[in-house]
Amino acid sequence: ICQHSSNADSTSTHFVYEDPDIIPRLLNLLTSSSSKSTLSKIAQDATNVLTCTCKTVDHQATLIAHGIIDSIAPLLASSQQRHQLASLQCLARVTSFNRETCFVVAQSTHDGRHLYKIVIDFLSRDNIELIQLWAAKCLSYLHRFGVVTFKAQIVIKVIHAFVRICKPEHSVQMRQIGRA
């Protein structure tokens with residue numbers, strides 16, 4: 001994710017937030033394409049654009065105000081790993097080091113279920129390690145700000161996910177994601 005964004009200048013990132021039509025259009029791609037197999041790649045790509053361009057607290061607030069959480073929730077609950085991973089990465093970016101956005105996520109539901117409980121399910125070893133890692137990051141942000149209190153076994157699962165990913169046998173990229 002965000003392979004080219006680190007090299008992109010801030011003008012290209014801010015452009016997404018300066019034009020008032022871009023974010024609603026990207027979010028519309030998420031909600032209109034998540035159920036159509038031919039457009040599912042578009043939903044993943046739109047999620048990745050939003051993730052890669054979300055670099056500041058203002059960006060996080062803008063995405064929250066436009067309903068990013070409601071837009072990515074169906075992707076998170078999807079059975080497709082690429083949607084799950086893209087939505088977890090976006091959720092982690094939106095909640096990183098921001099108490100206010102963490103609070104919004106903690107209160108959000110999808111199909112009558114709290115979003116953070118859906119994220120907890122991704123800690124299962126039945127999921128690929130990258131999904132486990134991003135789920136652990138999301139949950140650690142929510143826990144860090146105290147907006148959600150987890151039982152000890154959930155905290156242990158999060159810690160175990162980070163420890164497994166940060167072992168030398170994993171790629172440097174994965175270990176860096178786990179440390180960040």
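Here the structure is a predicted model, which means the values were calculated and not measured.
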(message) Can you confirm whether Tyr141 sits close enough to Val105 that some side-chain heavy atom of one is under 4.5 Å from a side-chain heavy atom of the other?
(response) no

(message) Regarding Asp19 and Arg25, does a basic nitrogen lie under 4.0 Å from an acidic carboxylate oxygen?
(response) no

(request) Please check if the side chain of His170 supplies one atom and the backbone of Arg164 the other of a donor-acceptor pair under 3.5 Å. (result) yes

(request) Looking only at non-hydrogen atoms, find the nearest pair between Lys55 and Cys52 and report the distance. (result) CE-O, 3.4 Å

(message) In the structure I gave you, are the side-chain heavy atoms of Val148 and His114 within less than 4.5 Å of one another anywhere?
(response) no

(request) Begin from the C-alpha positions of Tyr17 and Thr56 and carry the test side chain to side chain contact (heavy atoms under 4.5 Å, CB included) through to its verdict. (result) CA-CA 11 Å; Tyr17 295 89; Thr56 68; over 6 Å; no

(request) Look up atom CG in Leu30 and atom NE2 in His83, then write down how far apart they are to the nearest 0.5 Å. (result) 9.0 Å

(message) When you compare the side chain of Leu133 with that of Phe162, does any pair of heavy atoms fall below 4.5 Å?
(response) yes

(message) Looking at Asn127, is its backbone amide N or carbonyl O close enough to the side chain of Gln132 to form a donor-acceptor pair, meaning the two atoms are under 3.5 Å apart?
(response) yes

(request) Give the cluster check for Val119 versus Ile156: same hydrophobic cluster or not, with ILVMFWY residues linked at side-chain heavy-atom distances below 4.5 Å. (result) no

(message) Using 0.5 Å steps for rounding, measure from the CG atom of Asp45 to the CZ atom of Arg82.
(response) 9.5 Å

(message) Taking the side chain as everything from C-beta on, heavy atoms only, tell me whether Glu100 gets closer than 4.5 Å to Val104.
(response) no

(request) With Leu139 as reference, evaluate Phe150, Phe122, Trp134 under the side chain to side chain contact (heavy atoms under 4.5 Å, CB included) test and give the passing residue. (result) Phe150

(message) Please check this pair: side chain of His59 against backbone of Thr53, looking for a donor-acceptor N/O pair closer than 3.5 Å.
(response) yes

(request) Determine the minimum heavy-atom distance between Ala43 and Leu75, stating which atoms define it. (result) CB-CD2, 4.1 Å

(message) Tell me whether the count of non-hydrogen atoms from other residues, nucleotides or ligands lying under 6.0 Å of CZ in Arg125 goes above 12.
(response) no

(request) Rounded to the nearest 0.5 Å, what's the gap from CD1 on Ile131 to CD on Gln81? Could you check? (result) 4.5 Å

(message) In the structure I gave you, are the side-chain heavy atoms of Leu50 and Leu27 within less than 4.5 Å of one another anywhere?
(response) yes

(message) For a quick test of reading the model, state the closest non-hydrogen atom pair linking His110 to Ala77 and the distance between them.
(response) CD2-CB, 3.6 Å

(message) If you count heavy atoms of other groups shown closer than 6.0 angstrom to CZ of Phe103, is the number above 12?
(response) no

(message) Rounded to the nearest 0.5 Å, what separates atom CD in Gln44 from atom CG in Leu85?
(response) 8.0 Å

(request) Identify the heavy atoms of Ile64 and Ile68 that sit nearest to each other, and give their distance. (result) N-CG2, 3.8 Å

(message) Could you measure the distance from the CG atom of Leu63 to the CG atom of Leu91? Nearest 0.5 Å is fine.
(response) 11.5 Å

(request) Determine the minimum heavy-atom distance between Ala161 and Leu123, stating which atoms define it. (result) CB-CD2, 4.5 Å

(message) Any heavy-atom pair between the side chains of Gln60 and Cys54 that's under 4.5 Å?
(response) yes

(message) Name the residue from Thr47, Thr51, Leu76 that meets the side chain to side chain contact (heavy atoms under 4.5 Å, CB included) definition with Leu88.
(response) Leu76

(request) Determine yes or no for a side-chain-to-main-chain donor-acceptor pair under 3.5 angstrom, with Ser171 supplying the side chain and Met174 the backbone. (result) yes

(message) Show the nearest heavy-atom pair for residues Cys102 and Leu142, with the distance to one decimal.
(response) O-CD2, 3.4 Å

(message) When you compare the side chain of Cys138 with that of Tyr116, does any pair of heavy atoms fall below 4.5 Å?
(response) no

(message) Quick check for you: to the nearest 0.5 Å, what is the distance between Ser79 atom OG and Gln84 atom CD?
(response) 7.0 Å

(request) Please tell me if the side chains of Phe97 and Val57 come closer than 4.5 Å, counting only heavy atoms from C-beta onward. (result) no

(request) Determine yes or no for a side-chain-to-main-chain donor-acceptor pair under 3.5 angstrom, with Thr101 supplying the side chain and Val94 the backbone. (result) yes

(message) Strictly below 4.0 Å, N to O, side chains only: are Asp121 and Lys117 in salt-bridge contact?
(response) no

(message) For His143, I'd like to know if atom NE2 has over 12 heavy atoms of other residues, nucleotides or ligands within 6.0 Å.
(response) no

(message) Please determine whether side chain to side chain contact (heavy atoms under 4.5 Å, CB included) holds for the pair His66 and Leu26, giving the CA-CA distance in whole Å, both sets of side-chain angles, and the decisive distance to 0.1 Å.
(response) CA-CA 10 Å; His66 279 91; Leu26 286 169; over 6 Å; no

